[in-house]
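To start, the structure under review is shown below, and the notes come after it.
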Amino acid sequence: MLVVMTHDVLVVEDEEDIALPLVRTLEREGYHVSRVATGEAALDHVDHEQPELVLLDLGLPDMDGIDVCRKLRSDGFDGAIMMVTARAGELDLVVGLDVGADDYLAKPFGLAELQARVRALLRRSAARVPQDTAVVTPSGLRVDTAARRVSLRDEEIQLTAKEFDVLALLATHHDRVVSRDTLMNEVWDENWFGSTKTLDVTIGRLRGKLEAAGATERVVAIRGVGFRFETGG
């Protein structure tokens, strides 16, 4: 018997004239789509249903979508988050990525572009870092790719999905340079639509979390080439 797997997508949008075409478009793609109109409802839905992708409008009636994204990540949600907004400025882009968004789509946008970006995010989420082994550094930092967990001396370090994927790829090639193109192609997608600033923002967040946890490992930028994960071993 053929079992057809579908993807669960949550649309967080309060404007009916925008939400309905989004929902219909995604349903035609074969996704199971739920829709809520407020930030609080989005947080509650994700807590109970754990969708694979959240399509998140920033201009919600009860709270800013930036705060919704930040809360989702702090609560441990590691699914994909795509922000949809009329705010197209670079500052908003960086802020959105800094709180854990995976992609950023500015209004107005074409439905074909939306479909392509959603497919790319879901494809990357389903095929993150294929290794099923753990990398353990001399200082005791453990990157477990099978369990998708990072810990230092038995204390877990909370990372977003993209932060983990970047670290896992770098750790697998520890003390060797991984090019920017390899990171973008492996962690995001070779057909990625967004700015490569997303990689730099993710690296910055990852560095901060490792440092805060007391890790001695460093993610070092090799100008014009990529990044190297230095373990000191």
Side-chain angles (χ1 to χ4, degrees), residues 4-15 18-60 63-85 92-93 96-107 109-129 148 158-166 184-195 198-199 201-202 205:
V4 179
M5 301 296 291
T6 188
H7 296 286
D8 290 319
V9 177
L10 174 64
V11 173
V12 188
E13 171 62 66
D14 62 311
E15 296 184 36
I18 296 176
L20 292 180
L22 287 179
V23 171
R24 292 192 186 112
T25 297
L26 294 169
E27 287 179 338
R28 282 198 296 269
E29 287 281 294
Y31 306 132
H32 177 266
V33 185
S34 302
R35 180 246 172 159
V36 297
T38 67
E40 286 294 341
L43 294 173
D44 183 70
H45 182 93
V46 171
D47 183 50
H48 289 89
E49 303 297 333
Q50 289 293 307
E52 294 165 77
L53 168 68
V54 176
L55 200 63
L56 176 63
D57 182 48
L58 294 192
L60 299 172
M63 58 193 299
D64 195 294
I66 292 285
D67 295 325
V68 176
C69 183
R70 182 183 291 110
K71 184 68 165 59
L72 287 174
R73 292 309 191 200
S74 68
D75 288 347
F77 176 65
D78 67 353
I81 298 177
M82 181 191 294
M83 289 182 169
V84 180
T85 179
D92 290 304
L93 166 63
L97 295 173
D98 195 43
V99 298
D102 298 293
D103 198 0
Y104 192 101
L105 191 59
K107 301 174 183 176
F109 54 84
L111 292 177
E113 180 181 5
L114 169 73
Q115 291 170 313
R117 290 199 185 197
V118 166
R119 284 195 297 268
L121 281 177
L122 290 172
R123 185 164 60 247
R124 298 314 303 170
S125 295
R128 297 186 190 110
V129 190
R148 296 188 59 80
Q158 296 294 333
L159 301 180
T160 68
K162 288 294 186 285
E163 290 164 5
F164 178 87
D165 291 341
V166 168
M184 291 301 300
N185 292 343
E186 292 294 325
V187 176
W188 280 268
D189 187 84
E190 61 185 5
N191 299 312
W192 168 252
F193 289 90
S195 168
T198 186
L199 173 58
V201 171
T202 301
R205 291 197 312 260

What salt bridge (Lys or Arg N to Asp or Glu O under 4.0 Å) pairs are there with at least one residue in residues 33-45, not counting sequence neighbours? Glu16-Arg35
Heavy-atom closest pair, residues Thr202 and Thr198: OG1-O, 2.8 Å
Would the distance check show the side chain of Gln50 and the main-chain N or O of Val46 forming a donor-acceptor pair, the cut-off being under 3.5 Å? yes
Report the C-alpha separation of Leu114 and Leu55 in whole Å, then their side-chain angles, then the decisive distance to 0.1 Å, and conclude whether the side-chain contact (heavy atoms from CB on, under 4.5 Å) test is met. CA-CA 10 Å; Leu114 169 73; Leu55 200 63; 4.0 Å; yes
Smallest separation among heavy atoms of Ala161 and Arg148, with atom names: O-NH2, 3.5 Å
At what distance, to the nearest 0.5 angstrom, does CD of Glu13 lie from CG of Leu58? 10.0 Å
Do you know the tightest heavy-atom contact between Gly65 and Met83? O-CE, 4.3 Å
Hey, are the side chains of Val118 and His7 touching, using non-hydrogen atoms and a 4.5 Å cut-off? no
State, yes or no, whether a side-chain contact exists between Leu105 and Arg117 at a heavy-atom distance under 4.5 Å. yes
Checking the side chain of Glu163 only, and the main-chain atoms of Thr160 only, is there a donor and an acceptor separated by less than 3.5 Å? yes
Are any of the side-chain heavy atoms of Leu22 and Leu111 separated by less than 4.5 Å? yes
Between Asp75 and Lys71, is there a side-chain N and carboxylate O pair less than 4.0 Å apart? yes
Taking every non-hydrogen atom, the tightest pair across Ala41 and Val36: CB-CB, 3.8 Å
Shortest non-hydrogen pair, Thr38 vs Leu60, comes out as C-CD1, 4.2 Å
Would you indicate whether the side-chain heavy atoms of Leu122 and Glu52 approach each other to under 4.5 Å? yes
Take Asp57 and Val12 through the test side-chain contact (heavy atoms from CB on, under 4.5 Å) and record every step on the way to the result. CA-CA 6 Å; Asp57 182 48; Val12 188; 5.7 Å; no
Within the 4.5 Å heavy-atom criterion, are Ile81 and Arg73 side-chain neighbours or not? yes
Could you check whether any side-chain heavy atom of Asp8 comes within less than 4.5 Å of a side-chain heavy atom of Ser34, counting everything from C-beta outward? no
Only counting residues at least two apart or in another chain, list the ones meeting side chain to side chain donor-acceptor pair (under 3.5 Å) with Asp47. none
Judged by atom type as modelled, is there a donor-acceptor pair below 3.5 Å linking the side chain of Glu29 to the main-chain atoms of Tyr31? no
Within the structure provided, determine whether Met63 and Leu43 are in side-chain contact (heavy-atom separation under 4.5 Å). yes
Nearest heavy-atom neighbours spanning Ile66 and Val99: O-CG2, 4.0 Å
If you define the side chain from C-beta out and look only at heavy atoms, does anything of Val84 sit under 4.5 Å from Tyr104? no
Strictly below 4.0 Å, N to O, side chains only: are Arg119 and Asp103 in salt-bridge contact? no
Quick one: do Thr85 and Lys107 satisfy side-chain contact (heavy atoms from CB on, under 4.5 Å)? Show the steps, please. CA-CA 6 Å; Thr85 179; Lys107 301 174 183 176; 5.8 Å; no
What's the spacing between Leu53 CG and Leu10 CG if we round to 0.5 Å? 8.5 Å
